**Student:** 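Could you have a look at this structure, given as structure tokens, before my questions?
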Amino acid sequence: MAKRLHLDYNIRVKEPRRVAQPPPEPVLIFDGDCGFCRFWLARWRHRTGDRVEYVPFQDDDVARRFPEIPRQSCARAVQLVDSDGLVYEAAEAVFRLLAKSGTGSSPILLRCYEHVPGVAAVTEAAYRVVADHRPLAAGVSTLLWGRVTEPSTYATASWVFRRLLGVVYLIAFWSLGT
């Protein structure tokens, strides 16, 4: 089975899929019934803003807009339809989506996926494992990140740090005064 996945990946890289009617902005098609997908898409929305449209594949509009993308492919993995008409799926779609956010190390991750030998195969295999065990992955995500989808602001840590720094200064000046 791993060999079949590898062959499918090689075919996808050599001959990317295209849609006849490219959208004006990238569209990420996901499984709207999957709690794991909904959680991570909510987090990614904070990073991409309105630069990417998110649509569940169960939406009737998806089949009308993108008839070239089989429904089975959408059920198996996320699909990113880029504004140039190219369609990416699974881990590659995620890396390309995050690169569009323009924040952090996301563009570097995409470059590693494209140019570092073995990264694409490993991340695609990891994606397949997560996709095959979505309820477990959702539970692990909730355990590690909680139910909050907003990115961390470190507001509480900043508040505590400033107060503790103030206490340190108070003690320092108090010791100078005595």
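Just the heavy atoms: all of them, side chains too, but no hydrogens, waters or symmetry mates, feed the values below. Predicted, not measured: the structure shown is a model, and the values here were computed from it.
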**Student:** Is the cationic atom of Arg134 (NZ for Lys, CZ for Arg) positioned less than 6.0 Å from the six-membered ring centroid of Phe36 and within 45 degrees of its normal?
**Tutor:**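 No, Arg134 does not lie over the aromatic ring of Phe36.
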**Student:** What residues join Tyr169 in its hydrophobic cluster, counting side-chain heavy atom gaps under 4.5 Å, either direct or through other members?
**Tutor:**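 Traced through the cluster, Tyr169 reaches Phe161, Leu165, Phe173, Leu176.
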**Student:** Do you know which two heavy atoms are closest between Pro23 and Asp82, and how far apart they sit?
**Tutor:**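 Nearest pair, atom of Pro23 first, then Asp82: CD-O, 3.6 Å.
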**Student:** Please tell me if the side chains of Val78 and Val94 come closer than 4.5 Å, counting only heavy atoms from C-beta onward.
**Tutor:**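 Side-chain contact under 4.5 Å: yes.
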**Student:** On a heavy-atom basis, which atom in Ala172 and which in Ser175 lie closest, and how many Å separate them?
**Tutor:**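 Shortest heavy-atom separation between Ala172 and Ser175 comes out as O-OG, 2.7 Å.
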**Student:** Hey, does Val27 have a side-chain heavy atom less than 4.5 Å from the side chain of Arg65?
**Tutor:**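 The answer is yes, as the side chains (C-beta and beyond) meet within the 4.5 Å cut-off.
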**Student:** In chain order, what residues pass the salt bridge (Lys or Arg N to Asp or Glu O under 4.0 Å) check against Arg18, with sequence neighbours excluded?
**Tutor:**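 Partners of Arg18 under the salt bridge (Lys or Arg N to Asp or Glu O under 4.0 Å) test: none.
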**Student:** So do the side chains of Pro22 and Val81 get within less than 4.5 Å of each other, counting heavy atoms only?
**Tutor:**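 No, side chains not in contact.
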**Student:** Tell me every residue that passes salt bridge (Lys or Arg N to Asp or Glu O under 4.0 Å) with Arg163, counting only those two or more places apart in sequence or in another chain.
**Tutor:**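 Arg163 satisfies salt bridge (Lys or Arg N to Asp or Glu O under 4.0 Å) with no residue once adjacent residues are dropped.
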**Student:** Check whether any side-chain heavy atom of Leu41 lies under 4.5 Å from a side-chain heavy atom of Leu28, and answer yes or no.
**Tutor:**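 The answer is yes, as the side chains (C-beta and beyond) meet within the 4.5 Å cut-off.
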**Student:** State which residues pass salt bridge (Lys or Arg N to Asp or Glu O under 4.0 Å) with Glu25; sequence neighbours excluded, sorted by chain then number.
**Tutor:**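 Residues passing salt bridge (Lys or Arg N to Asp or Glu O under 4.0 Å) with Glu25: none at all.
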**Student:** Examine Trp159 and Leu164 and state if one hydrophobic cluster contains both, with Ile, Leu, Val, Met, Phe, Trp and Tyr joined whenever side-chain heavy atoms are less than 4.5 Å apart.
**Tutor:**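 In one cluster with Trp159: Leu164, yes.
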**Student:** Check whether any side-chain heavy atom of Val87 lies under 4.5 Å from a side-chain heavy atom of Ile69, and answer yes or no.
**Tutor:**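 They are in side-chain contact.
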**Student:** ring-ring contact (aromatic ring centres under 6.0 Å, His included) with Phe30: which residues, sequence neighbours excluded?
**Tutor:**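 If we apply the ring-ring contact (aromatic ring centres under 6.0 Å, His included) test to Phe30, skipping adjacent residues, there are no hits.
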**Student:** Would you please name every residue forming a salt bridge (Lys or Arg N to Asp or Glu O under 4.0 Å) with Glu68, sequence neighbours left out?
**Tutor:**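 Glu68: no salt bridge (Lys or Arg N to Asp or Glu O under 4.0 Å) contacts found.
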**Student:** Measuring from atom CD of Glu92 to atom CG of Leu86, what distance do you get when rounded to the nearest 0.5 angstrom?
**Tutor:**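 It is 9.5 Å, given to the nearest 0.5 Å.
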**Student:** Kindly indicate, with the supporting measurements, whether the criterion side chain to side chain contact (heavy atoms under 4.5 Å, CB included) is fulfilled by Asp31 and Arg38.
**Tutor:** CA-CA 8 Å; Asp31 183 354; Arg38 286 192 317 266; over 6 Å; no
**Student:** With no hydrogens and no angle check, do the side chains of Glu89 and Tyr127 hold a donor and an acceptor under 3.5 Å apart?
**Tutor:**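 The answer is no; no qualifying pair exists.
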**Student:** More than 12 heavy atoms of other residues, nucleotides or ligands under 6.0 Å from CG of Asp60: yes or no?
**Tutor:**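 Incorrect, the count does not exceed 12.
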**Student:** Does CG belonging to Asp50 count more than 12 external heavy atoms closer than 6.0 Å?
**Tutor:**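 Counting neighbours around CG of Asp50, 12 or fewer heavy atoms of other residues, nucleotides or ligands fall under 6.0 Å, so no.
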**Student:** Report the distance from atom SG of Cys37 to atom OH of Tyr54, rounding to the nearest 0.5 Å.
**Tutor:**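 The SG atom of Cys37 sits 12.5 Å away from the OH atom of Tyr54.
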**Student:** Taking atom CD of Glu53 and atom CZ of Arg45, what is their separation to the nearest 0.5 Å?
**Tutor:**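 Between atom CD of Glu53 and atom CZ of Arg45 there are 10.0 Å.
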**Student:** With a 4.5 Å limit on heavy-atom distance, are the side chains of Arg17 and Ser73 in contact?
**Tutor:**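 Yes, their side chains come closer than 4.5 Å.
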**Student:** Does the side chain to side chain contact (heavy atoms under 4.5 Å, CB included) test come out yes or no for Tyr113 and Glu124, once each step is laid out?
**Tutor:** CA-CA 10 Å; Tyr113 178 89; Glu124 291 294 341; 2.6 Å; yes
**Student:** Which is it for Tyr88 and Gln79 under the side chain to side chain contact (heavy atoms under 4.5 Å, CB included) test, yes or no, and what are the steps along the way?
**Tutor:** CA-CA 6 Å; Tyr88 305 98; Gln79 309 287 315; over 6 Å; no
**Student:** Should Val55 and Asp61 be marked as a side chain to side chain contact (heavy atoms under 4.5 Å, CB included) after you check the CA-CA gap, both sets of side-chain angles, and the distance that decides it?
**Tutor:** CA-CA 9 Å; Val55 182; Asp61 191 41; 5.8 Å; no
**Student:** Looking at CG of Asp59 and SG of Cys74, how far apart are the two atoms once the value is rounded to the nearest 0.5 Å?
**Tutor:**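 Separation between the atoms: 11.0 Å.
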